[in-house]
Participant: 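Take this structure first; my questions come after.
Side chains are part of it too, since the values below use all heavy atoms of this structure and drop only hydrogens, waters and symmetry mates. Computed from a predicted model, the values in this text were never measured in an experiment.
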Amino acid sequence: QVQLVESGGGLVQAGGSLRLSCAASGRTFSNYAMGWFRQAPGKEREFVAAIRWSGGVTYYKDSVKGRFTISRDNAKNMVYLQMNSLKPEDTAVYSCAAFEDLGYRYNFYYTGSYNYWGQGTQVTVSS
């Protein structure tokens, strides 16, 4: 089992920045790929960003490329999402997720690839 706890959400004006954190506990964190997803009211959960176990490979939703950066610190069992130039359409509950990365080709964009999920943290961007 892997337990995930997000923090860092809040209210920010458009153009501002937030840094989300996800603390992992349980099994060996460095073996797991990590992802960030978000869900806005009335919409389906969508992929935002992901990072492989080594941290050397990352993936992003097109609309956040150049604005968001995912990173991880395996020594601290932490994954981060730095969000800059925030827009009102970024408003959502952001959740981190994990699955064991065995080095295969995975669909990092698909919610079904992830076995473990946090409860989420609210991000609200005002215009």
Participant: For Asn107 and Ser113, does a side-chain donor sit closer than 3.5 Å to a side-chain acceptor?
Facilitator: no

Participant: Are Met34 and Tyr80 in one and the same hydrophobic cluster, where Ile, Leu, Val, Met, Phe, Trp and Tyr link if side-chain heavy atoms are under 4.5 Å apart?
Facilitator: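 Unlinked, Met34 and Tyr80 end up in two clusters.
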
Participant: Which donor-acceptor pairs under 3.5 Å do the side chains of residues 119-127 make with protein atoms, sequence neighbours left out?
Facilitator:
{"residue": "Thr121", "atom": "OG1", "partner": "Gly9", "partner atom": "N", "Å": "3.2"}
{"residue": "Gln122", "atom": "NE2", "partner": "Ala92", "partner atom": "O", "Å": "3.4"}
{"residue": "Gln122", "atom": "NE2", "partner": "Thr124", "partner atom": "OG1", "Å": "3.3"}

Participant: What's the spacing between Ser21 OG and Asp73 CG if we round to 0.5 Å?
Facilitator: 10.5 Å

Participant: If you group Ile, Leu, Val, Met, Phe, Trp and Tyr by side-chain heavy-atom gaps below 4.5 Å, do Leu4 and Phe29 land in one group?
Facilitator: yes

Participant: Assess the residue pair Asp90 and Arg67 against the criterion (side-chain contact (heavy atoms from CB on, under 4.5 Å)); give the C-alpha distance rounded to whole Å, side-chain angles, the decisive distance to 0.1 Å, and a yes or no.
Facilitator: CA-CA 11 Å; Asp90 294 318; Arg67 300 189 297 124; 2.8 Å; yes

Participant: With heavy-atom distances below 4.5 Å as the criterion, would you say the side chains of Gln82 and Ser17 are in contact?
Facilitator: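 Result yes, sub-4.5 Å side-chain heavy-atom pair found.
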
Participant: Say you draw a straight line from CD of Glu44 to CZ of Arg38; how long is it, rounded to the nearest 0.5 Å?
Facilitator: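 With rounding to 0.5 Å, CD (Glu44) is 14.0 Å from CZ (Arg38).
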
Participant: Say whether Phe68 and Tyr114 are linked into one hydrophobic cluster, either directly or through other cluster members, by side-chain heavy-atom distances under 4.5 angstrom.
Facilitator: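 As far as the 4.5 Å side-chain criterion goes, Tyr114 and Phe68 are not connected within one cluster.
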
Participant: Nearest 0.5 Å, what's the CD-CD distance between Gln39 and Glu46?
Facilitator: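 Gln39 CD to Glu46 CD: 9.5 Å, rounded to 0.5 Å.
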
Participant: Cluster question for you: counting only ILVMFWY and a side-chain heavy-atom cut-off of under 4.5 Å, with indirect links fine, are Val57 and Tyr106 together?
Facilitator: yes

Participant: Side-chain contact test, heavy atoms from C-beta onward, threshold under 4.5 Å: evaluate it for Asn115 versus Tyr32 and give yes or no.
Facilitator: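 Result no, sub-4.5 Å side-chain heavy-atom pair not found.
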
Participant: Is there a path of hydrophobic side-chain contacts, each under 4.5 Å between heavy atoms, that joins Leu20 and Val12?
Facilitator: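 Result: yes, single cluster for both.
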
Participant: Do the non-hydrogen side-chain atoms of Tyr60 and Thr69 ever get within less than 4.5 Å of each other?
Facilitator: yes

Participant: If you define the side chain from C-beta out and look only at heavy atoms, does anything of Asp101 sit under 4.5 Å from Asn31?
Facilitator: no

Participant: Evaluate Phe37 against Trp117 for ring pair (Phe, Tyr, Trp, His ring centres under 6.0 Å), listing each step before the verdict.
Facilitator: CA-CA 10 Å; Phe37 289 76; Trp117 292 83; 5.0 Å; yes

Participant: One thing to verify: whether Asp62 and Lys65 come together as a salt bridge, which I'm taking to mean a side-chain N less than 4.0 angstrom from a carboxylate O.
Facilitator: yes

Participant: Would you call Leu102 and Glu100 a side-chain contact if the rule is heavy atoms closer than 4.5 Å?
Facilitator: yes

Participant: Let me see the working for Tyr59 and Ile70 under side-chain contact (heavy atoms from CB on, under 4.5 Å), right down to the final yes or no.
Facilitator: CA-CA 9 Å; Tyr59 307 85; Ile70 188 171; over 6 Å; no

Participant: Rounded to the nearest 0.5 Å, what's the gap from CD on Gln3 to OG on Ser25? Could you check?
Facilitator: 4.0 Å

Participant: Rounded to the nearest 0.5 Å, how far does CZ of Arg72 lie from SG of Cys96?
Facilitator: 11.0 Å

Participant: Check whether more than 12 heavy atoms from other residues, nucleotides or ligands sit under 6.0 Å from atom NZ of Lys76, and answer yes or no.
Facilitator: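 Atom NZ in Lys76 is not crowded, with 12 or fewer foreign heavy atoms closer than 6.0 Å.
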
Participant: Name the orientation class of the two ring planes belonging to Phe108 and Phe99 (parallel below 30°, tilted from 30 to 60°, perpendicular beyond 60°).
Facilitator: tilted

Participant: Working to the nearest 0.5 angstrom, can you tell me the gap between Ser30 OG and Asn77 CG?
Facilitator: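 Rounded to the nearest 0.5 Å, the OG-CG separation comes out at 8.0 Å.
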
